[in-house]
Amino acid sequence: MFKNFTGFHLVESLHQSNFDKFFHPSKVVIKTYEAFFVAFVTLLLWNLPSSAFGIDGLNIVQQRIIAIFAFATLMWIFEIVPSWATSVAIIGGLLLFTSDSGIKWICDEERVGTLLSYKSIMATFADPVIMLFIGGFILAIAATKTGLDALLAKVLLKPFGKKSNNVLLGFLLITGLFSMFVSNTATAAMMLTFLTPVFRQLPPEGKGRISLALSIPVAANLGGMGTPIGTPPNTIAMKYLNDPEGLNLDIGFGEWMLFMVPLVAILLFASWLLLKWIFPFTQKTIELNIEGEMKKDKKTYIVIVTFIVTVLLWLLDSVTGINSYTVALIPFVVFSLCGIIDRRDLEEINWSVIWMVAGGFALGYALNASGLAELSVKNIPFAQFPPILILLLSGLVCYGLSNFISNSATAALLMPILTVVCAAMGDKLDAIGGTSTVLIGVAIAASSAMVLPISTPPNALAYATNLVEQKDMSKIGLMVGVLSITLGYVVLFVLGSIHFI
């Protein structure tokens, strides 16, 4: 999808950087040792006697799922291969070794225990949440093809005038708004491109350029929290919160935005205060000149109307009865029939993210359908754990991991485990606002991780401008991240206490 975006050259450079990270000759030796370590741990867990796990009633299928889960965890942490490739391996491993369509002499149900349904494993790629992702990608592609994104940037930034601090606030708010509905990476690339002529106006010895460059990743990371489609961790949280066979909390698109958008707005304003304080402008005025025009034809107006209708239906899902997953397919249908998107556009959908998320869903399905989750609840006294310990550990672990590996991978890894833990703790979680505090808190923690250039793609893009040093990014990233997690958990606790979510 990125070829359609202003700033595609930045994203292309990021992809090349990622390719070098995985396949550069200097990295091959290290990755080889890491791969051997992952293989050793996986095979060890696979072949240990079941009694070694200390879980009464553990069968061979469940033990294999533990081994595959460990494989996924280590592969995502070490990033030996791209995250989506690990997810594909998860799905393939579950199908071959734990399903009713697995290798015949390995998957003898009488010997290894109840097998998983191969149809259900494959169905994780067509989960309703996946449709939500696709709908978001389609909206973004259509908005870019028609030039609607550039027009919105021009119109929305105009009220902020020419004062440098106001322009900084404008870029923070508009980037945050865009990243609620468009990929954070694409939003950051587009907004950094719009900033290129601005950077030339500012004196190189001043800190204003640093402030503007850092505003984009900060706003993109925070803005993604505002909607369920803003960033993958949100969508993954929605999956487990609303699962009819699981927590079944029925949190809608509009309900999510009702408490998240105000939180994002406060965090963006706080980030503005921090940025202009730490990296003040020496030049007090800036001339904005954003290039790009909206196409004035029938297709553009169809996109505008469809975009408005889709967002309204998302916000009013409790009134209309149409859930957000079904709504997400409306723009897909309209744009396909009207010729606004074509075969080439479908090829530009970020399928790697979809595969990444599907692998996490497959793991979650395996944990539940195999009975491993229920068995763990019986054998591990989760109900005796202090709720505040679960809350702090889940947030800190997610924040720590997300600073070093994909936040999507972190969420995919933690959500199924925490769903089991929360179910086992029952009413005890009411003391901290309920299950939603834990799972949505993990999504907030994932989006708050922005300390390093490798923490998120928007961070990497901003760092690639050569205007930002790692120490500057770490300083503002840590301050904003801690503020985001703290304020986010306070909001969730209050809303959970009054049973709003």
Side-chain angles (χ1 to χ4, degrees), residues 1-15 130-158 171 174-197 216 219-220 223-224 226-227 229-232 235 288-314 324 327-354 457-458 461:
M1 62 182 284
F2 298 120
K3 287 181 182 177
N4 290 308
F5 280 90
T6 304
F8 168 67
H9 63 287
L10 293 174
V11 182
E12 198 170 35
S13 298
L14 177 64
H15 287 171
I130 300 295
M131 298 303 115
L132 199 57
F133 273 110
I134 292 175
F137 290 146
I138 291 296
L139 276 176
I141 290 169
T144 304
K145 285 186 72 174
T146 56
L148 182 59
D149 54 352
L151 175 70
L152 284 172
K154 284 182 181 179
V155 171
L156 294 173
L157 283 168
K158 191 173 182 180
F171 270 97
I174 304 314
T175 303
L177 176 64
F178 278 12
S179 64
M180 291 183 190
F181 299 96
V182 179
S183 152
N184 291 353
T185 308
T187 298
M190 177 177 67
M191 298 306 284
L192 282 168
T193 301
F194 291 156
L195 273 174
T196 301
I216 303 304
T227 67
I229 64 169
T231 185
T235 318
L288 278 180
N289 182 25
I290 295 176
E291 298 179 357
E293 295 290 337
M294 185 184 75
K295 298 176 182 177
K296 296 180 180 179
D297 56 18
K298 182 176 67 175
K299 290 183 178 180
T300 300
Y301 294 111
I302 291 173
V303 170
I304 293 171
V305 171
T306 305
F307 200 107
I308 293 170
V309 169
T310 301
V311 172
L312 285 175
L313 288 174
W314 270 332
S324 55
V327 172
L329 286 178
I330 292 174
F332 202 170
V333 172
V334 173
F335 298 158
S336 299
L337 293 177
C338 296
I340 295 166
I341 60 168
D342 54 30
R343 174 180 56 80
R344 289 181 295 276
D345 295 319
L346 295 183
E347 293 169 359
E348 294 303 320
I349 287 177
N350 197 347
W351 295 106
S352 61
V353 170
I354 293 175
L461 289 169

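Just so you know, residue 1 is the first one in the sequence shown, and it goes up from there. All figures in this text were calculated on a predicted structure; none of them were measured in a lab.
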message: Can you give me the closest heavy-atom contact between I341 and S336, atom names plus distance?
response: CD1-OG, 3.8 Å

- prompt: How long is the span from the CD1 atom in I138 to the CG atom in L329, to the nearest 0.5 Å?
  reply: 10.0 Å

task: Would you give the length of the straight line joining atom CD1 of I174 to atom CE of M190, rounded to the nearest 0.5 angstrom?
output: 10.0 Å

query: Side chain of T306, backbone of V303: donor and acceptor closer than 3.5 Å?
result: no

message: For A220 versus S179, what's the shortest heavy-atom pair and its separation?
response: O-OG, 3.4 Å

task: Would you sort out whether F194 and I216 count as a side chain to side chain contact (heavy atoms under 4.5 Å, CB included), showing the intermediate values?
output: CA-CA 11 Å; F194 291 156; I216 303 304; over 6 Å; no

message: Ignoring hydrogens, what is the shortest heavy-atom contact between I340 and A142? Give both atom names and the distance.
response: CG2-CB, 4.1 Å

Spacing of CZ belonging to F335 relative to CG belonging to D342, to within rounding of 0.5 Å: 13.5 Å

statement: In short, L148 meets I304 closest at the heavy-atom pair CD1-CG1, 3.9 Å

field: Criterion side chain to side chain donor-acceptor pair (under 3.5 Å) on T187 and N184, from CA distance to verdict
entry: CA-CA 5 Å; T187 298; N184 291 353; 5.5 Å; no

message: Using side chain to side chain contact (heavy atoms under 4.5 Å, CB included), reason through V311 and F181 one step at a time and then give a plain yes or no.
response: CA-CA 9 Å; V311 172; F181 299 96; 4.0 Å; yes

message: Which heavy atom of L461 sits nearest to which heavy atom of A188, and what is that distance?
response: CD1-CB, 4.0 Å

- prompt: Do the non-hydrogen side-chain atoms of F307 and T146 ever get within less than 4.5 Å of each other?
  reply: no

- prompt: What distance do L195 atom CG and T175 atom OG1 have between them, rounded to the nearest 0.5 Å?
  reply: 7.5 Å

- request: Would you check, one step at a time, whether the test side chain to side chain contact (heavy atoms under 4.5 Å, CB included) holds for F137 with D345?
  value: CA-CA 10 Å; F137 290 146; D345 295 319; over 6 Å; no

- line: Correct closest heavy-atom pair for K299 and G339 would be NZ-O, 3.3 Å

- line: Separation between CG (L139) and CD1 (I229), nearest 0.5 Å, reads 6.5 Å

field: Rounded distance [0.5 Å steps], OG1 in T235 versus CD1 in I130
entry: 9.0 Å

